[in-house]
Amino acid sequence: MKRILVIDDAATVRMYHKSILRSEGYEVEEAINGIEAIEKALNGHFDIYIVDINMPKLDGYGFLKELRTLEIPQAPAIMVSTESDDTDKKKAFTCGANYYLVKPVKPEQLATIVKLLIRGE
Amino acid sequence: MGFVKRQKEERADVNERVYERNCDGFSAQLKDPDPAVRRWAARDIVECPGASTVLLERLEKEEAIEVRQAIFTSLINIGDRDAITGLVECLRSEDAALRNEAIEAMKQLPEGVSAIIKELLKDDDPDVRIFAVNILEALSHPDVEEWLIDVIESDSHVNVCATAVDLLAEIGTEKSLNSLDKLRTRFSSEPYIQFAVNIAIERITNGQYHDK
């Protein structure tokens, strides 16, 4: 079963993403900020990371930059944020994101992107 | 005790430089190329008149994490109107880390921030309104729920309302139920709002989260 790490400081957002992804047959783990996500990435394999930008302690950009330097098998990351500016999108891709979604995310949109990225498309 | 001794030694090194131990000296020290020197200056300048303005000017260009942390700690300790106004400006920054640090600092200034929070919740920039809702989480002010109800009843931006619903799921009471229900109708085509409102209502009614 493919494993996904959902990283967001808002509990309801994590629950929402988890409910969509579980219904698609994925195993989902959660982290409440970038620091916790790095620890989980170091201690377990994930096939996709779903990452919020604005989080305390270590934000989404910081998490991605750190993640991409780790000597672990790398996986695609979807940045999910309320920020719809091109600046934020460019920064997300520079930090190592593979896709950028603006909140609130539609279930079918998230499911489709995850499926495509897992297939490597 | 070893730690205290080392701090004294570090400070002694700083004092050996050309800076005077006064407010002008601390302002000059904040521009030193050595981050350790700047960090001490950020701490020492707290008692100086106009310190918030000087610290906020430095914050705009400061890249060293330890100096930024010291600046935020000093701004929290000062907590005057200038400090709060400067922190609000940080919320408008393109730098996500700076925004988040400002949010965390503002959470530690409940009295000063409560005085301006209604203004922030009506800011023209929806991102600032979202950050204002994030700050409410830590304010422990008796009007927080009322402010959140006002947000979900009047704000037209879906993500501002969504953030308010997330917080109502944690701190809301029966007072919020009617407004939550109306929000569900107002954003009937937004699956996230439907989901979050259901969670909030369930939490308020049953008193706990149920992981779906």
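All chains are named by letter (A, B, ...) in the order of the sequence lines, taking the proteins before the strands, and each is independently numbered beginning at 1.
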Worksheet item: Around A/K65, counting heavy atoms of other residues, nucleotides and ligands shown, do more than 12 lie under 6.0 Å from its NZ?
Response: no
Discussion item. For A/Y61, which atoms come within 4.5 Å of any heavy atom of chain B: side chain, backbone, both, or neither?
Written reply: side chain
Worksheet item: Minimum heavy-atom separation for B/N159 to A/K103, with atom names?
Response: ND2-O, 2.8 Å
Item to complete: Could you tell me whether the side chain of B/D166 and the main chain of A/V13 form a donor-acceptor pair under 3.5 Å?
Response: no
Worksheet entry | CG-OG1 distance between B/L168 and A/T12, expressed to the nearest 0.5 angstrom | 10.0 Å
Practice prompt. Could you tell me whether the side chain of A/V105 reaches within less than 4.5 Å of the side chain of B/Y192, counting heavy atoms only?
Written response: no
Worksheet item: In terms of heavy-atom proximity below 4.5 Å to chain A, should B/A96 be classed as side chain, backbone, both, or neither?
Response: both
Worksheet entry | chain A contacts, top residue of B/E137, B/E101, B/R99 (heavy-atom pairs, under 4.5 Å) | B/R99
Discussion item. For the OG1 atom of A/T82 and the NE2 atom of B/H157, what is their distance to the nearest 0.5 Å?
Written reply: 7.5 Å
Worksheet entry | Between CD1 on residue B/I130 and OG on residue A/S81, distance to nearest 0.5 Å | 8.0 Å
Discussion item. Please determine whether the number of non-hydrogen atoms from other residues, nucleotides or ligands lying under 6.0 Å from atom CZ of B/R92 exceeds 12.
Written reply: yes
Practice prompt. Mark yes when over 12 heavy atoms from residues, nucleotides or ligands other than A/K2 sit less than 6.0 Å from its NZ; otherwise mark no.
Written response: no
Worksheet item: Does B/E66 CD have over 12 foreign heavy atoms under 6.0 Å away?
Response: yes
Discussion item. Are there over 12 heavy-atom neighbours, none belonging to A/I72, within less than 6.0 Å of that residue's CD1?
Written reply: yes
Response to the item:
One should read off an interatomic distance between A/D9 CG and B/N100 CG, to the nearest 0.5 angstrom, of 8.0 Å
Fill in: More than 12 heavy atoms of other groups within 6.0 Å of B/E63 CD
no
Fill in: Heavy-atom closest pair, residues B/E190 and A/K106
OE1-NZ, 3.3 Å
Fill in: Heavy-atom neighbours of B/K175 NZ exceed 12 at 6.0 Å
yes
Discussion item. Can you confirm whether B/F131 sits close enough to A/N54 that some side-chain heavy atom of one is under 4.5 Å from a side-chain heavy atom of the other?
Written reply: yes
